[in-house]
Amino acid sequence: MSGSFALVKSVYQNAVVGAGEGSEFTLNSGIDNSQVKADFNYLGVADHSIDFGTGVSHYRIQPGDLKPEPGAGLNPRTLRHDRGIENYVYANDEIKLSDRVSFSAGLRYSFFVKPGPETVYTYESGKPRSVNTIIDTAFYGKGDISKVYHGLEPRGSVKISINKYSSVKLGYGRTRQYLQLISNTAGITPVDIWKLSNTYLKPQLSDQYSIGYFFLRPDNAYEFSWEVYYKDLKNQIDYKDGAQILLNPTLEADLLFGSGSAYGSEWLLKKNNGRITGWVSLSYARSFRTIQGNTQEETINNGLKYPGNFDKPVNLNVFMNLELDNPQWTFSANFNYSTGRPVTAADSWYLYYGQIFSNYKGRNQERIPDYHRLDLALNFNSKPSNGVETLWSFSVYNAYFRKNPYSTLFKHYYGKPPGAYKLSVIGTIVPSLSFNIKF
């Protein structure tokens with residue numbers, strides 16, 4: 001039997017600086033994750049490989065800390081830290097049934113605790129959640145538990161070898177996600193809010209089914225894979241129209257919950273030997289959500305399914321590495337293409353009591369322009385000398401100056417349809433020179 005123990009510490013901090021005259025501020029947020037885990041492998045049983053382990057993670061999230069500059073017309077505001085503890089145990093057994101068939105079965109059990117201090121609001125039944133429908137407040141002090149979630153996560157797969165070079169694999173797996181990412185992608189800079197499951201935010205559940213074909217030539221020169229999958233998603237999160245995401249102590253009142261599905265197919269062709277190596281990967285993937293609430297305010301797209309925020313059907317990646325006449329020199333190229341992500345766009349404007357309002361025909365019914373980019377690199381790898389090896393690399397990011405849109409914004413032009421313009425974060429070529437030394 002073999003095993004390993006690990007202590008993991010991860011800290012992410014994000015700061016948004018406001019520079020508008022009279023509203024200068026710094027908005028800080030972040031997440032701190034500490035983890036302890038132990039994993040073991042046991043080979044004492046013939047034709048069995050048993051993996052098992054346990055772990056515990058502690059999450060501490062700062063959802064928002066607003067610090068105005070002196071003289072700014074803003075008030076400081078700090079939201080309470082969000083804390084959670086996740087425990088898990090798992091076991092997995094890989095069984096070789098014959099020379100051609102192997103089977104893997106596993107079970108994971110996770111247990112999530114939401115400790116205090118915590119404030120939980122009770123909203124009036126039968127009405128949309130909002131600040132105006134709060135009817136009671138419960139306070140949980142330090143050491144109290146406000147909410148507990150737990151459940152089993154089974155998984156299994158079967159691998160059938162067709163011959164020495166190819167095989168078919170069928171799989172199923174369930175996962176629970178207690179940490180949610182809520183993104184405001186319309187901002188000039190990405191503003192991400194991490195939120196833990198609580199009384200109103202249930203863990204997201206995913207049941208994935210897959211089948212794949214895999215081929216590897218005997219000389220390892222080429223490999224090919226093709227996989228098809230389907231995901232059934234529960235407790236998906238989206239926003240109400242006009243939701244306030246930042247510095248919102250009652251964020252659950254601006255969120256909506258429903259179901260979702262995702263499906264797709266992925267292909268990979270890889271060349272491993274020769275002066276030219278590389279791969280081509282292509283995927284067609286769709287992701288949809290359905291939010292059907294008790295009222296129109298709590299329903300999106302009239303209860304019909306709509307594309308999720310990360311629904312990008314076509315994704316293509318092409319990588320090539322060329323060994324030049326001098327094998328110490330190599331040239332590489334990487335090309336990426338993907339369908340533009342969905343956005344919610346206004347199709348018209350209207351005037352109401354002197355104010356201009358946007359009219360939207362549905363959530364995520366339009367797309368930003370497609371994304372594509374070419375990166376090039378010239379590398380020099382020296383021959384090892386006295387145990388020292390150096391690597392020089394000159395690379396060019398975005399070689400043909402593509403202004404890929406980060407987001408699409410809209411502006412009203414009187415007497416005309418809504419005008420759209422795109423925001424590109426890196427819309428030009430970016431050269432770089434790097435040096436690495438190994439000893």
Test side chain to side chain donor-acceptor pair (under 3.5 Å) applied to Asn41 and Asp51, step by step: CA-CA 4 Å; Asn41 177 260; Asp51 298 299; 2.6 Å; yes
Gln180/Gln204 under side chain to side chain contact (heavy atoms under 4.5 Å, CB included): CA gap, chis, key distance, verdict: CA-CA 8 Å; Gln180 325 297 347; Gln204 295 190 43; 2.6 Å; yes
Residue pair His81, Tyr59: steps toward the side chain to side chain donor-acceptor pair (under 3.5 Å) verdict: CA-CA 10 Å; His81 283 83; Tyr59 301 97; over 6 Å; no
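When side chains are defined from C-beta on, Val318 does not count as touching Asn334, because their heavy atoms never get closer than 4.5 Å. Residues His372 and Arg402 are in side-chain contact: their nearest non-hydrogen atoms beyond the backbone lie under 4.5 Å apart. Side-chain contact between Lys438 and Thr390: absent, with no pair of heavy atoms (C-beta onward) separated by less than 4.5 Å. Put simply, the side chain of Leu433 does not reach to within 4.5 Å of the side chain of Phe435, judged on heavy atoms. Two residues are said to be in side-chain contact when any heavy atoms from C-beta on lie closer than 4.5 Å; Ile145 and Tyr140 fail this criterion. With contacts defined as side-chain heavy-atom distances shorter than 4.5 Å, the pair Ile61/Leu179 qualifies. Inter-residue side-chain proximity for Trp194 and Leu181 is flagged as met; some heavy-atom pair is nearer than 4.5 Å. No side-chain heavy atom of Asn248 sits less than 4.5 Å from a side-chain heavy atom of Ile245.
The backbone N or O of Glu297 lies less than 3.5 Å from no partner atom in the side chain of Lys240, so there is not a single donor-acceptor pair. Side-chain N or O atoms of Asn398 include one that pairs as donor or acceptor with a backbone N or O of Thr428 at under 3.5 Å. Side chain of Thr54 to backbone of Val89: no donor-acceptor contact under 3.5 angstrom is found. No donor-acceptor distance shorter than 3.5 angstrom exists from the side chain of Asn302 to the backbone of Leu304, with no hydrogens or angles considered. A donor-acceptor contact shorter than 3.5 Å is absent between the side chain of Gln296 and the backbone of Gly293. Side-chain atoms of Thr133 come within 3.5 Å of backbone N or O of Pro128 as a donor-acceptor pair. Between the side chain of Tyr149 and the main chain of Asn198, a donor-acceptor pair closer than 3.5 Å is present. For Asp65 (side chain) and Asn28 (main-chain N/O), no donor-acceptor pair under 3.5 Å exists by modelled atom type. At least one donor-acceptor pair under 3.5 Å links the side chain of Thr344 to the backbone N or O of Asn364. Remark: side-chain polar atoms of Thr277 are not paired, donor with acceptor, to backbone N or O of Asn272 under 3.5 angstrom.
Heavy-atom contacts from other residues, nucleotides or ligands closer than 6.0 Å to NZ of Lys37 number 12 or fewer. Within 6.0 Å of NZ in Lys234 there are more than 12 heavy atoms belonging to other residues, nucleotides or ligands. Heavy-atom contacts from other residues, nucleotides or ligands closer than 6.0 Å to CG of Asn294 number 12 or fewer. Taking a 6.0 Å sphere around CZ of Arg60, one finds it holds 12 or fewer heavy atoms contributed by other residues, nucleotides or ligands. Environment of CH2 in Trp226: sparse, with no more than 12 heavy atoms of neighbouring residues, nucleotides or ligands closer than 6.0 Å. Within 6.0 Å of OH in Tyr352 there are 12 or fewer heavy atoms belonging to other residues, nucleotides or ligands.
A donor-acceptor contact closer than 3.5 angstrom links the side chains of Ser393 and Asn379. No hydrogens or angles considered: nothing links the side chains of Thr290 and Ser259 as a donor-acceptor pair under 3.5 Å. A side-chain donor from one of Lys9 and Ser34 sits under 3.5 Å from a side-chain acceptor of the other.
Taking the six-membered ring for Trp and the full ring otherwise, His150 and Tyr88 have centroids separated by 6.0 Å or more. Here the two rings, on Phe319 and Phe335, have centers that are 6.0 Å apart or farther.
No salt bridge links Arg129 with Glu252; every basic N to acidic carboxylate O contact stays at or beyond 4.0 Å. A salt bridge links Asp311 with Arg286: the closest approach of a Lys/Arg side-chain nitrogen to an acidic carboxylate oxygen falls below 4.0 angstrom. Ionic pairing of Arg155 and Glu153 is present here: one or more N-O contacts between side-chain nitrogen and carboxylate oxygen are shorter than 4.0 angstrom. Between Lys142 and Asp144 there is no salt bridge, since no side-chain nitrogen of the basic residue lies less than 4.0 Å from a carboxylate oxygen of the acidic one. Classification of Arg373 and Asp375 as a salt-bridged pair holds, one side-chain N sitting under 4.0 Å from a carboxylate O. A salt bridge links Asp241 with Arg363: the distance from a Lys NZ or Arg NE/NH1/NH2 to an Asp or Glu carboxylate oxygen falls below 4.0 Å. A salt bridge links Asp238 and Arg289; the closest N-O separation between the charged side-chain nitrogens and carboxylate oxygens is under 4.0 Å. Salt bridge Lys312/Asp370: absent, no basic N to carboxylate O contact under 4.0 Å.
When Lys231, Arg174, Arg176 are each tested for a salt bridge (Lys or Arg N to Asp or Glu O under 4.0 Å) with Asp207, only one passes: Arg174.
In plain terms, the two heavy atoms of Leu268 and Ser281 that are nearest each other are CD1-CB, 3.9 Å.
Using bins of under 30°, 30° to 60° and over 60° for the plane-to-plane angle, the ring pair Tyr123/Tyr200 lands in the perpendicular bin. Ring orientation note: the planes of Phe224 and Tyr213 are tilted relative to one another, at an angle of 30° to 60°. Taking the six-membered ring where tryptophan is involved, the planes of Phe5 and Phe40 are perpendicular, since the angle between them exceeds 60° and thus also 30°.
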